Every structure is written in C-alpha cells, then in structure tokens.
Amino acid sequence: MKYLLDTHTFIWSVMDSSKLSESVKEIIQNPDNEIFVSGISFWEIAIKTQIGKMKFENFNILHLPNIATQYDFSVFTPSAYDYVTYSELPTVENHKDPFDRMLIHSAIKNNLILLSKDSCFTNYEKFGLQLFW
C-alpha cells in the first residue's frame, strides 16, 4: 500500500512517536508499505517555523529531508497536474488551509492513503480521500 503522511504525522514519526496511533505506527514500520512525505510538508514546516507557529528546540529543520530518508520515507513531489487541478477540490466547512488542502488533493489524485489525525479531513472522503488514523 502507498501512504502519504500529513505534516503532523511526519513530525510525530520522527520526533515523538507516542503521539501516533498504534495502527499508524504499524503501517509506517511495515516494510511492505511505501510511505511518502510531501515536499508540501517541508514547505509548511519552513514557513510555520519562520513565522513562529512551529518551534523545534535544539533541532535544525534543514535536517528533515535527510531524516525522512533515514526513515525510508520517499519524498512525494506533486506534479504540475496536481497543482493546476488544485482548484477542483471543494472547500468544506470553511477549511481553507492551503497546505492541508494540497496534501488532501495530492492524496486523492495519486491514489495515496493519507495518514492524518485531523478530524476535518473526514469531510473530504466523499470526494475520494482515503484517510486512516
């Protein structure tokens, strides 16, 4: 199976796995699964760190791509088609976060199961999102 990590799932995977559900830990640790972290997540972390919404004490975010590789995560890069079709994803419940929405859209368009604890993501299942926590 192919899975895409939500940004918080990626961070928790490499920083504090106690926040992950047991079933998500099993998925991530199963060598038969392909686990992706999106370039969108790296961008979100950089922006939110710069504006003070995220803080990593004693940790340099520049190491995150290498850490992802050490965890055997593949980096998912949205295609030009993913970007230009982004506007097709309906806005639900006033959910306008562009990082979340691009991860959701990428998961739908590329048939990836999104690993996320974010409860508002369930609103996108009717549009084809495969979601697991």
Side-chain angles (χ1 to χ4, degrees):
M1 301 291 292
K2 294 182 178 185
Y3 296 89
L4 179 62
L5 302 178
D6 191 0
T7 303
H8 70 269
T9 309
F10 169 59
I11 292 169
W12 294 349
S13 296
V14 300
M15 304 290 258
D16 185 4
S17 64
S18 67
K19 294 183 180 181
L20 296 174
S21 71
E22 287 303 316
S23 52
V24 168
K25 285 181 192 178
E26 289 175 18
I27 287 169
I28 291 171
Q29 294 169 356
N30 184 337
D32 294 330
N33 293 327
E34 192 167 2
I35 308 298
F36 292 94
V37 59
S38 178
I40 298 296
S41 291
F42 294 119
W43 186 39
E44 178 180 12
I45 291 165
I47 289 172
K48 289 185 176 179
T49 299
Q50 181 184 38
I51 64 174
K53 279 190 150 185
M54 279 186 182
K55 292 183 180 167
F56 296 91
E57 294 182 24
N58 302 319
F59 183 79
N60 187 336
I61 64 169
L62 296 177
H63 297 290
L64 285 174
N66 290 333
I67 291 170
T69 301
Q70 291 170 2
Y71 276 77
D72 290 325
F73 299 155
S74 299
V75 175
F76 174 82
T77 303
S79 70
Y81 179 77
D82 291 329
Y83 288 113
V84 299
T85 59
Y86 171 84
S87 63
E88 294 175 357
L89 184 67
T91 302
V92 296
E93 304 276 328
N94 294 319
H95 183 239
K96 296 180 182 180
D97 182 305
F99 302 112
D100 287 352
R101 290 178 46 76
M102 191 62 198
L103 289 172
I104 290 165
H105 181 67
S106 294
I108 293 169
K109 289 293 182 188
N110 295 280
N111 198 31
L112 302 170
I113 300 167
L114 187 59
L115 297 177
S116 179
K117 188 177 181 176
D118 196 325
S119 61
C120 75
F121 285 19
T122 59
N123 294 318
Y124 293 93
E125 289 177 312
K126 61 187 167 196
F127 304 112
L129 178 64
Q130 299 173 75
L131 186 62
F132 188 85
W133 189 255

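Given the structure is predicted, the values throughout are model-derived calculations rather than measurements.
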Quick one: does [X]'s side chain get under 4.5 Å of [Y]'s, heavy atoms only?
| X | Y | value |
| --- | --- | --- |
| Met54 | Ile11 | yes |
| Leu112 | Gln130 | no |
| Trp12 | Val24 | no |
| Tyr86 | Met102 | yes |

Looking only at non-hydrogen atoms, find the nearest pair between [X] and [Y] and report the distance.
| X | Y | value |
| --- | --- | --- |
| Ser38 | Leu103 | CB-CD2, 3.5 Å |
| Leu131 | Ser116 | CD1-CB, 4.0 Å |
| Leu20 | Lys25 | O-CE, 3.7 Å |
| Ile40 | Phe99 | CG2-O, 4.0 Å |
| Phe10 | Ala68 | CE1-CB, 3.9 Å |
| Ile108 | Gly128 | CG1-C, 3.9 Å |

Nearest 0.5 angstrom please: Tyr3 OH to Phe36 CZ, how far?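 Separation between the atoms: 12.5 Å.
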Please report the interatomic distance OG1(Thr9) to CG(Leu4), rounded to the nearest 0.5 Å.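 Output value for this atom pair is 9.0 Å.
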Keeping the roles fixed (side chain from [X], backbone from [Y]), state whether a donor-acceptor pair exists under 3.5 Å.
| X | Y | value |
| --- | --- | --- |
| Ser41 | Val37 | no |
| Thr91 | Asn94 | no |
| Arg101 | Ser87 | no |
| Asn60 | His63 | no |
| Ser23 | Trp133 | yes |
| His8 | Lys117 | yes |
| Asn33 | Ile27 | yes |
| Asn110 | Ser106 | yes |

Tyr124/His105 under side-chain hydrogen bond (donor to acceptor under 3.5 Å, both in side chains): CA gap, chis, key distance, verdict: CA-CA 9 Å; Tyr124 293 93; His105 181 67; over 6 Å; no
Evaluate the side-chain contact (heavy atoms from CB on, under 4.5 Å) criterion for residues Ile104 and Phe127: first the C-alpha distance (whole Å), next the side-chain angles of each, then the deciding distance (0.1 Å), finally the verdict. CA-CA 10 Å; Ile104 290 165; Phe127 304 112; over 6 Å; no
In terms of heavy-atom contacts, does NZ of Lys109 have more than 12 from other residues, nucleotides or ligands at under 6.0 Å?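 Yes, enclosed.
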Stepwise side-chain hydrogen bond (donor to acceptor under 3.5 Å, both in side chains) check, Asn123 with His95: CA-CA 10 Å; Asn123 294 318; His95 183 239; over 6 Å; no
Worked verdict on Phe59 versus Leu64 for side-chain contact (heavy atoms from CB on, under 4.5 Å): CA-CA 9 Å; Phe59 183 79; Leu64 285 174; 3.7 Å; yes
Step by step, work out the side-chain contact (heavy atoms from CB on, under 4.5 Å) result for Asp6 and Asp100. CA-CA 8 Å; Asp6 191 0; Asp100 287 352; 4.3 Å; yes
Which pairs pass side-chain hydrogen bond (donor to acceptor under 3.5 Å, both in side chains) with one or both residues in residues 46-55, sequence neighbours excluded?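 Sorted pair list: Glu44-Lys48.
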Pairs flagged by side-chain hydrogen bond (donor to acceptor under 3.5 Å, both in side chains) wherever residues 64-80 is involved - sequence neighbours left out: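 The answer is Ser79-Asp82.
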side-chain contact (heavy atoms from CB on, under 4.5 Å) between Lys2 and Ile35: does it pass, once the steps are laid out? CA-CA 6 Å; Lys2 294 182 178 185; Ile35 308 298; over 6 Å; no
